[in-house]
Amino acid sequence: MVRLGFIIGFIALLGALLSGLAAYRVHDQELALDRIALARAIDVHASLVQDRSTERELLARVASGLFRAPSVLKPNMLEPLRSAIYAFKTDFVVAGWVARLQPSELAAAQTAIAAAGFPKPQIRDYNDQPIDPASLTQPIDVLMDLEPRSDETKTLPGRSYDQDPVRNAMLTRARIEKRSVASDPVPLLSGQGPIGVIVAAPVIPEGATEPVGFITFSYELASLMLTNDDLSLFSVALKDPRKEGSELVANDQGVVSTRMTSDGPAPSATRTISFGGRDWQLDYYAKSNSARRAEQTSIIVAAIGFAITAMVCGLFGYVAYNNLRLSREIQVRIGFERRLTAVIDELNHRVKNILAVIQSIVTRTLRHGADIDVARELLIGRIHAMSNVVSLLSESQWQGVKLKGLFEARAIPHADRIAVSGPDISVSARAAQSLSLLFFELASHSDEGLSLVGKHPHITANWTVTGEEPEAVFHFRWEEFNTSEATRRPDTDFGLILLDRVAPESLGGNAKRYFTDVSYVYELTAPMETVVDMTERDRTDKISAPVRPAK
């Protein structure tokens with residue numbers, strides 16, 4: 001007894017150690033895979049943002065290159081560009097022509113704005129106060145034309161940007177550097193308008209050295225850089241270039257707001273893009289907790305390992321204890337040792353089969369990217385189905401299982417709605433394991449949503465045996481009425497492999513599944529000699545038979 005306890009304790013310790021190592025390994029792999037997936041998604045998003053920004057900057061450059069108006073004071077200055085601007089199909093808020101005017105040109109500019117049909121042609125500063133040309137000594141930048149024209153935008157032409165710190169800084173830099181330049185984030189159209197950025201491209205006539213004006217495009221910041229998919233792995237924020245320690249974020253409606261970086265966690269990653277002659281820093285925050293997900297997965301793996309260890313120890317302890325008790329009979333010492341060897345070999349064979357099946361279940365169910373809640377329910381159900389088979393086999397001394405016993409409520413869901421019919425045959429241990437998983441997989445998919453007629457599916461499961469030994473053939477048919485391909489939940493990857501390959505191959509037969517007009521059908525055909533497997537039953541019967549004392 002001491003030796004048996006030592007062996008069981010050693011097996012338990014070894015199983016616990018292996019389970020812990022497996023859980024640790026799974027934890028590290030989950031963390032690594034989540035980090036790789038997050039990094040790839042971030043790189044793709046940053047690349048898309050860079051592409052969008054480059055396209056919009058290119059639009060400004062092309063528009064300024066196409067601008068060949070004979071005079072900066074001509075009405076409807078953007079008329080030659082309208083078709084070209086809209087051909088790009090970019091999401092700009094306003095496209096404008098800003099002319100650089102001398103003080104002596106203000107009267108003519110006012111006349112041109114009025115001729116273009118704008119309601120407020122008077123030249124004024126950015127606060128809508130009239131400008132006295134006599135007070136000016138330098139050229140000023142005045143908005144002369146814009147697209148699109150609406151009730152909100154028609155009142156803007158005639159404004160000078162010299163008093164606007166953001167727009168004036170943008171135009172000054174574009175004039176000095178003679179290239180397209182982006183502004184700081186600024187409210188568009190009005191002080192309460194959406195937050196966006198403006199890119200200005202200088203228009204320099206041939207042979208001139210100074211720009212005569214600027215083509216400007218304004219874009220909402222949310223759609224340009226801060227778009228977030230509800231299913232994405234991260235949220236995006238833009239480091240605010242106007243204030244150190246703050247960043248800009250957009251909500252579901254695209255409304256941009258400011259928050260302090262000290263109020264939240266550090267970003268998971270940072271990427272820099274170029275737009276309008278400046279760098280913009282995007283901060284990415286992971287939406288899910290990778291560490292917590294990895295811990296949950298590792299806990300499940302460890303629990304499975306401990307359960308397998310307990311089952312192995314229980315089976316080994318049960319068999320070894322009975323054999324050790326028989327070893328006290330000196331007359332059957334030699335027979336006992338031979339029997340113990342055979343039992344251990346059989347146990348190893350069966351345990352390896354069980355471990356291989358459970359390993360396949362765990363691997364297929366907990367594949368990367370699976371929903372953890374759905375995977376947990378499927379995993380518990382599949383392992384429970386395996387456990388029920390082991391219990392039934394243990395009760396019958398591994399002499400097989402009555403096929404109807406695999407349809408008990410403790411083995412599969414919705415057993416009360418399954419009409420079972422067929423001869424009460426006993427199937428082998430190997431066939432019972434495959435059929436139990438098969439019945440659970442079929443039953444677990446049979447109650448997803450309402451059927452075409454508003455009723456739950458009605459299920460029939462029947463089997464027949466045709467032919468004479470040794471050519472007898474086992475036929476099994478599963479049919480779910482009141483269901484269709486549109487209402488029935490699709491089978492999982494594991495389920496498809498089990499239905500189409502694992503179950504038929506383990507029984508040496510073949511299977512097919514299909515939808516009729518009113519039902520879903522699964523059929524399995526296999527030779528009876530593999531379903532019953534008398535060789536396995538004879539071998540187990542010899543092991544379980546009592547040893548006769550020597551006479």
Side-chain angles (χ1 to χ4, degrees), residues 353-371 374-375 377-386 388-389 401 403 406-407 411-415 418 420 422 425 427-449 457 459-466 472-533:
N353 287 342
I354 293 174
L355 291 177
V357 173
I358 294 180
Q359 180 182 6
S360 176
I361 292 174
V362 173
T363 302
R364 292 287 181 178
T365 306
L366 296 179
R367 68 190 188 281
H368 179 71
D371 184 273
V374 176
E377 293 298 324
L378 287 176
L379 181 60
I380 291 173
R382 290 164 180 167
I383 293 180
H384 184 69
M386 285 293 300
N388 181 67
V389 173
V401 175
L403 189 54
L406 300 180
F407 288 91
I412 60 175
H414 322 303
I418 303 176
V420 180
I425 61 176
V427 298
S428 65
R430 179 180 180 183
Q433 294 173 6
S434 299
L435 291 174
S436 177
L437 285 176
L438 174 65
F439 297 160
F440 171 81
E441 201 64 30
L442 289 169
S444 65
H445 288 72
S446 65
D447 201 30
E448 292 296 323
I459 306 168
T460 61
N462 59 77
W463 60 88
T464 58
V465 178
T466 59
V473 179
F474 171 78
H475 301 276
F476 172 77
R477 177 183 176 88
W478 173 284
E479 188 167 10
E480 298 173 17
F481 295 91
N482 300 328
T483 189
S484 69
E485 190 171 5
T487 59
R488 191 177 189 271
R489 185 182 73 181
D491 293 295
T492 61
D493 292 342
F494 176 83
L496 292 176
I497 294 175
L498 177 66
L499 296 175
D500 296 342
R501 190 179 69 192
V502 176
E505 290 180 359
S506 65
L507 299 177
N510 55 74
K512 61 181 179 179
R513 49 188 175 83
Y514 54 91
F515 284 92
T516 68
D517 293 339
V518 295
S519 65
Y520 167 81
V521 180
Y522 176 83
E523 295 181 345
L524 173 66
T525 304
M528 277 296 293
E529 62 179 5
T530 59
V531 175
V532 177
D533 197 354

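Keep in mind it's a predicted model, so treat the numbers as computed, not measured.
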Exercise. Under the side chain to side chain contact (heavy atoms under 4.5 Å, CB included) rule, what do F474 and L403 come out as? Steps first, then yes or no, please.
Key: CA-CA 12 Å; F474 171 78; L403 189 54; 3.9 Å; yes
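Considering only heavy atoms from C-beta on, W463 comes within 4.5 Å of V420 through its side chain. Within the 4.5 Å cutoff, side-chain heavy atoms of T460 are placed close to those of F481. Put simply, the side chain of I425 does not reach to within 4.5 Å of the side chain of V532, judged on heavy atoms. Residues V473 and H475 have side chains in contact (heavy-atom distance under 4.5 Å, counting atoms from C-beta outward). R513 is listed as a side-chain neighbour of L496, based on a closest heavy-atom distance under 4.5 Å.
No donor-acceptor pair closer than 3.5 Å links the side chain of S436 to the backbone N or O of A432. Side chain of T530 to backbone of L507: a donor-acceptor contact under 3.5 angstrom is found.
Note: W478 and F476 have tilted aromatic rings, judged against thresholds of 30 and 60 degrees for the angle between ring planes.
Across all their heavy atoms, V531 and A431 have their closest contact at O-CB, 3.6 Å. The heavy-atom pair separating E480 from L442 by the smallest distance is OE2-O, 3.5 Å. Here the closest heavy-atom approach between residue L498 and residue P504 is recorded as O-CD, 3.9 Å.
With sequence neighbours left out, R477 forms a salt bridge (Lys or Arg N to Asp or Glu O under 4.0 Å) with E479, E523. Scanning for ring pair (Phe, Tyr, Trp, His ring centres under 6.0 Å) contacts around Y520 gives F515, with sequence neighbours left out. Listed by chain and residue number, Y514, V518, S519, V521 satisfy the side-chain contact (heavy atoms from CB on, under 4.5 Å) test with T516 (two or more places apart in sequence, or in another chain).
Residues F439 and Y522 place their aromatic rings such that the two centres sit no closer than 6.0 Å.
Rounded to the nearest 0.5 angstrom, N510 CG and L524 CG are separated by 7.5 Å. Atoms NZ and OG1, from K512 and T525 in turn, are 7.5 Å apart once rounded to the nearest 0.5 Å.
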